[in-house]
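All remarks here apply to the structure that follows.
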Amino acid sequence: MPKPNKAFVVIANWKMNKTIAEAKQFAESLKPLISDIVSGIWLAVPFTAIRPVRDMLPPKITIGAQNMNDATAGAFTGEVAAAMIKEAGAEFVIVGHSERRLYFHESDEFINRKVLRAIESSIKPVLCIGEGFDDRESGKTEEVLRQQLTAGLTGVSKEALSMCLIAYEP
């Protein structure tokens, strides 16, 4: 079988699961299973677990955050800034996840500001794009993906584009 000519990354998104104790227990059980793996394991863990999991696993495991705000600081109760997740040990952040778009009504413009803030903060943005069921059924998949991709990457320089990952999640 020929090797693919594109790099693929699989990210395990823990969503709103695992307390710090559960995350540490999981990380401990993961260690022997990954001893021979060179790279390619990315874990998007809850904010509270970023530092504990980062400290337990080898650097070949890439740890990231599931979200961040586009602001650097301020009166945004419950939000987390790029500097906070970076200091906690996150190397990437998921932005534009379908659940954030659907349940929190995050717009393409807001998601783009997150992408730009992540890049500015030296955190790899993982820009999620994907059509909903209705869009797919009505043949609008390409249109929706093009819109989300174009809007999400507005203002990203050619050099900064190499930091970005695109995740397709229908």
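These numbers come from the heavy atoms of this one structure, side chains and all, not from hydrogens, waters or symmetry mates.
A donor-acceptor pair is defined here as one N or O able to donate and one able to accept, closer than 3.5 Å; no such pair exists between the side chain of T150 and the backbone of Q147. Within the 3.5 Å criterion, the main-chain N or O of S122 finds a donor-acceptor partner in the side chain of K86. Remark: side-chain polar atoms of K124 are not paired, donor with acceptor, to backbone N or O of S162 under 3.5 angstrom. The backbone N or O of G96 sits less than 3.5 Å from a side-chain atom of R101, completing a donor-acceptor pair. Put simply, the side chain of D108 never gets that close to the backbone of Q148: no donor and acceptor are under 3.5 Å apart. For the pair K140 (side chain) and G132 (backbone), a donor-acceptor distance under 3.5 Å is absent. In terms of modelled atom types and a separation under 3.5 Å, the side chain of N17 and the main chain of W14 share a donor-acceptor contact.
Within the model, atoms CD1 of I129 and CZ of R146 stand 10.5 Å from one another, a figure rounded to the nearest 0.5 Å. Taken from CG in N112 to CD in E106, the straight-line distance is 12.5 Å, to the nearest 0.5 Å. We find the CG-CD distance between D135 and E142 to be 13.0 Å, quoted to the nearest 0.5 Å. With rounding to the nearest 0.5 Å, the separation of OG in S29 from CD1 in I34 is 9.5 Å. Interatomic distance, CD1 of I111 versus CG of L153, reported as 11.5 Å (0.5 Å rounding).
Across I94 and C128, no two heavy atoms sit closer than the pair CG2-SG, 3.6 Å. I50 and A65 make their closest contact through CD1-CB, 3.8 Å (heavy atoms, listed as atom of the first residue, atom of the second, distance). The two atoms that bring A167 and V126 nearest to each other are CB-CG1, 3.9 Å, heavy atoms only. When all heavy atoms are compared, the tightest approach of V45 to A49 is CG2-C, 3.9 Å. When all heavy atoms of P32 and S35 are compared, the closest pair comes out as O-OG, 3.4 Å. Here the shortest heavy-atom pairing between V53 and A23 reads CG2-CB, 3.8 Å.
Here the side chains of F47 and I85 are in contact, with some heavy-atom distance below 4.5 Å. L43 places a side-chain heavy atom less than 4.5 Å from the side chain of I61.
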Verdict with supporting geometry, I119 and C164, side chain to side chain contact (heavy atoms under 4.5 Å, CB included): CA-CA 8 Å; I119 292 168; C164 302; 3.7 Å; yes
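Counting only residues at least two apart or on different chains, no ring-ring contact (aromatic ring centres under 6.0 Å, His included) pair has a member in residues 95-148. Applying the side-chain hydrogen bond (donor to acceptor under 3.5 Å, both in side chains) test to pairs two or more places apart or on separate chains, those with a residue in residues 63-74 are N13-Q66, N67-K114, N69-E79, D70-R113.
Hydrophobic clustering places M163 together with L127 (ILVMFWY residues linked when any side-chain heavy atoms are closer than 4.5 Å, directly or through intermediates). Under the 4.5 Å side-chain heavy-atom criterion for grouping Ile, Leu, Val, Met, Phe, Trp and Tyr, F76 is not connected to L116 through any hydrophobic cluster. Under the 4.5 Å side-chain contact rule for hydrophobic residues, M16 and I63 do not share a cluster.
Between R51 and E87, no side-chain nitrogen of the basic residue sits less than 4.0 Å from a carboxylate oxygen of the acidic one, so the salt-bridge criterion is not met. Ion pairing between a basic and an acidic side chain is recognised when a charged N comes within 4.0 Å of a carboxylate O; E91 and R54 show such pairing.
Qualifying side chain to side chain contact (heavy atoms under 4.5 Å, CB included) partners for A82, counting only residues two or more places apart in sequence or in other chains: M68, R117, S121, I123.
Heavy-atom neighbours of K24 NZ from other residues, nucleotides or ligands within 6.0 Å: at or below the threshold of 12.
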